[in-house]
Engineer: 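Okay, here's the structure, questions in a sec.
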Amino acid sequence: MTNAPVLLLGGLGKTGRRIADRLEARGVPFRAASRSTPVRFDWDDESTWDTALAGTGAIYLVPPAEHLDTAAIGPLLARAGARRVVLLSARGADFAGEPVPERVVRERSPEWTILRPSWFAQNFSEGVFAAGIEAGELKLPTRDGRDAFIDAEDIADVAVAALTEDGHAGQAYDLSGPEAISFPDAVARIAEATGRPISFGYRTPAEFAATVPGELGELLGALLDGIAQGNGDYVSDGVRRALGREPRSFGDFVARTFGSQPVQA
Ligand SMILES: NC(=O)c1ccc[n+]([C@@H]2O[C@H](COP(=O)([O-])OP(=O)(O)OC[C@H]3O[C@@H](n4cnc5c(N)ncnc54)[C@H](OP(=O)(O)O)[C@@H]3O)[C@@H](O)[C@H]2O)c1
């Protein structure tokens, strides 16, 4: 590794800021860049790219998160010339063939690592399910389908290893937690930890899509409908492969995040 700062795109997001904390603790220089950071980076505004890229080494690449057009990734990487790129993709994103971000990163980066996480546990606390949890009523298309929720802390651990250590180039890691649990069960565990009732119910993919701003709603609605069909009901070994240890459990996330009371794992 060089001493050039790591560029963290999406650097204030659920994974980006956890990676930033870890790099800071290790004394690894980094630059967080998005539309709301002091060094501004906007996928939709090429005039912001050069300042964000200047002098950086490895890149943590979070694709444009609020719209589906990933065409900017190729031109950005062409301009960056980064040797090492760690891409945040998604588990199951290859259901219709190789996703564009994965293909572009493989083609353009001499050293690439692809992270394919399952649904983040942190969606319940700081993401797309958080408002429902807060309101005491979460309605999703998942029915009682299961997912092996991944803790964003584990994604950050894997990303930091891939950004700063050898041995991860050319690897695609499917990342999940240690067990698949149903959405009603996940909500019940959070309710128990918070000590207040939280109901879980059904809404159609279209009804769910209407609650999400931007282009993403329809895709997320379809993915959550896929959970009802069993698409997320399996455990992946990427955390063990990358780090040589087991992933954090959903119970651990709940206790850390919501718990004033002890929670069963
Ligand atoms: N959440 C999940 O369960 C999950 C599961 C699997 C994979 N993923 C993947 O993880 C990625 C991140 O998703 P997330 O929902 O968890 O979001 P997040 O990382 O919490 O936030 C997304 C980040 O992207 C930045 N951003 C958004 N639009 C941008 C733009 N036009 N230009 C520059 N930066 C922009 C935002 O910062 P600013 O607002 O400051 O620009 C924010 O820091 C997505 O690609 C998603 O496919 C998520």
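Each ligand, and each atom within it, is numbered from 1 in the order the structure gives. We're numbering straight along the sequence, starting at 1. None of the values given here were measured: they were computed from a predicted structure. Quick note: numbers below take in every heavy atom, side chains included, and nothing from hydrogens, waters or symmetry partners.
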Engineer: So which of Pro63, Ser36, Gly13 gets nearest to atom 42 (C) of ligand 1, if we judge by its closest heavy atom?
Structural biologist: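 Residue with the shortest heavy-atom distance to the ligand atom: Gly13.
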Engineer: Would you mind listing which atoms of ligand 1 come within a distance below 4.0 Å of any non-hydrogen atom of Asp44?
Structural biologist: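 Within the 4.0 Å cut-off of Asp44, ligand 1 contributes 31 (N).
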Engineer: Can you pull out the closest protein heavy atom to atom 14 (P) of ligand 1? Residue, atom name and distance to 0.1 Å, please.
Structural biologist: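 Result: Lys14 NZ, 3.6 Å.
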Engineer: Return the orientation label for the Phe124 and Phe149 ring planes: parallel under 30°, perpendicular over 60°, tilted otherwise.
Structural biologist: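 The arrangement is perpendicular - the two ring planes meet at more than 60°.
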Engineer: Under 3.5 Å between some N or O of ligand 1 and some N or O of Asn123?
Structural biologist: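 So ligand 1 has an N or O lying under 3.5 Å from an N or O of Asn123.
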Engineer: Can Arg256 and Asp252 be counted as an ion pair, charged N to O under 4.0 angstrom?
Structural biologist: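 So Arg256 pairs with Asp252 through a salt bridge.
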Engineer: If you measure every N or O of Trp119 against every N or O of ligand 1, does any of those distances drop under 3.5 Å?
Structural biologist: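 No; the residue has no nitrogen or oxygen that sits under 3.5 Å from a nitrogen or oxygen of the ligand.
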Engineer: If you compare all heavy atoms of Pro99 against all heavy atoms of Ala93, which two are closest, and at what distance to 0.1 Å?
Structural biologist: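 Looks like CG-O, 3.4 Å.
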Engineer: For Arg22, what residues pass the side chain to side chain contact (heavy atoms under 4.5 Å, CB included) criterion, not counting sequence neighbours?
Structural biologist: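 Arg22 satisfies side chain to side chain contact (heavy atoms under 4.5 Å, CB included) with Arg18, Glu153, Ala156, Asp157, Val160, Arg248 only.
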Engineer: Checking salt bridge (Lys or Arg N to Asp or Glu O under 4.0 Å) between Glu102 and each of Arg108, Arg91, Arg116, which is the one that passes?
Structural biologist: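 Of all the options given, the one that passes is Arg116.
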Engineer: I'd like to know whether CD of Gln229 has more than 12 heavy-atom contacts from other residues, nucleotides or ligands below 6.0 angstrom.
Structural biologist: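 Count over threshold, so yes.
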Engineer: Think Arg146 forms a cation-pi with Phe183, using NZ or CZ under 6.0 Å from the six-ring centre and within 45 degrees of its axis?
Structural biologist: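 The answer is no; the distance or angle limit is not met.
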Engineer: Taking the minimum heavy-atom distance to atom 12 (C) of ligand 1, which of Leu115, Leu175, Asp45, Val62 ranks first?
Structural biologist: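 Closest candidate by heavy-atom distance is Val62.
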Engineer: Give the atoms of ligand 1, by number and element, whose distance to some non-hydrogen atom of Ala90 is under 4.0 Å.
Structural biologist: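 So the answer, numbered in order with elements, is 6 (C), 7 (C).
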Engineer: Out of Ser34, Ala33, Pro64, whose heavy atom sits nearest atom 38 (P) of ligand 1?
Structural biologist: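 The option holding the nearest heavy atom is Ser34.
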Engineer: Which residues, ordered by chain and number, are linked to Leu9 in its hydrophobic cluster, where ILVMFWY side chains connect at heavy-atom gaps below 4.5 Å, directly or through other members?
Structural biologist: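 Noted: Leu9 shares its cluster with Leu7, Phe41, Trp43, Trp49, Leu53, Ile59, Leu61, Ile73, Leu76, Leu77, Val85, Leu87, Val100, Val104, Val105, Trp112, Ile114.
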Engineer: From atom 33 (C) of ligand 1, work out which of Phe129, Phe41, Phe120 has a heavy atom at the shortest distance.
Structural biologist: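 Nearest option to atom 33 (C) of ligand 1, by heavy atoms: Phe41.
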Engineer: Would you indicate which of Gly16, Ser89, Pro117 comes nearest to atom 9 (C) of ligand 1 when only heavy atoms are counted?
Structural biologist: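 That would be Ser89.
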Engineer: Closer than 4.0 Å and a protein heavy atom, does any atom meet both conditions relative to atom 46 (C) of ligand 1?
Structural biologist: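 Looking at atom 46 (C) of ligand 1, one finds that no protein heavy atom lies closer than 4.0 Å.
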Engineer: Give a yes or no on whether Glu111 atom CD has more than 12 heavy-atom contacts from other residues, nucleotides or ligands under 6.0 Å away.
Structural biologist: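 Yes, the 6.0 Å shell around CD holds more than 12 heavy atoms from other groups.
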Engineer: Would you kindly specify which portion of Ser118 sits under 4.0 Å from ligand 1, judged on non-hydrogen atoms: side chain, backbone, both or neither?
Structural biologist: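 For Ser118, the contact with ligand 1 is made by the backbone alone.
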Engineer: From the options Arg35, Arg116, Glu126, select the one whose nearest heavy atom is closest to atom 36 (C) of ligand 1.
Structural biologist: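 Of the listed residues, Arg35 has the closest heavy atom.
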Engineer: Could you see which bit of Asp42 sits under 4.0 Å from ligand 1, with heavy atoms only: side chain, backbone, both or neither?
Structural biologist: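 Both parts.
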Engineer: Identify the protein heavy atom lying closest to atom 24 (O) of ligand 1, giving its residue, its atom name and the separation to 0.1 Å.
Structural biologist: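 Going by distance alone, atom 24 (O) of ligand 1 is nearest to Gly10 CA, 3.8 Å.
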Engineer: Do me a favour and list the nearest non-hydrogen protein atom to atom 13 (O) of ligand 1 with residue, atom name and distance?
Structural biologist: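 Looking only at protein heavy atoms, the one closest to atom 13 (O) of ligand 1 is Ala65 CB, 4.4 Å.
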Engineer: Do Ile150 and Leu243 belong together in a cluster built from hydrophobic side chains that touch within less than 4.5 Å?
Structural biologist: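 Same cluster.
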Engineer: In the protein, what heavy atom is nearest to atom 11 (C) of ligand 1, and what distance, to one decimal place, separates them?
Structural biologist: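 Protein heavy atom at minimum distance: Leu88 CD2, 3.5 Å.
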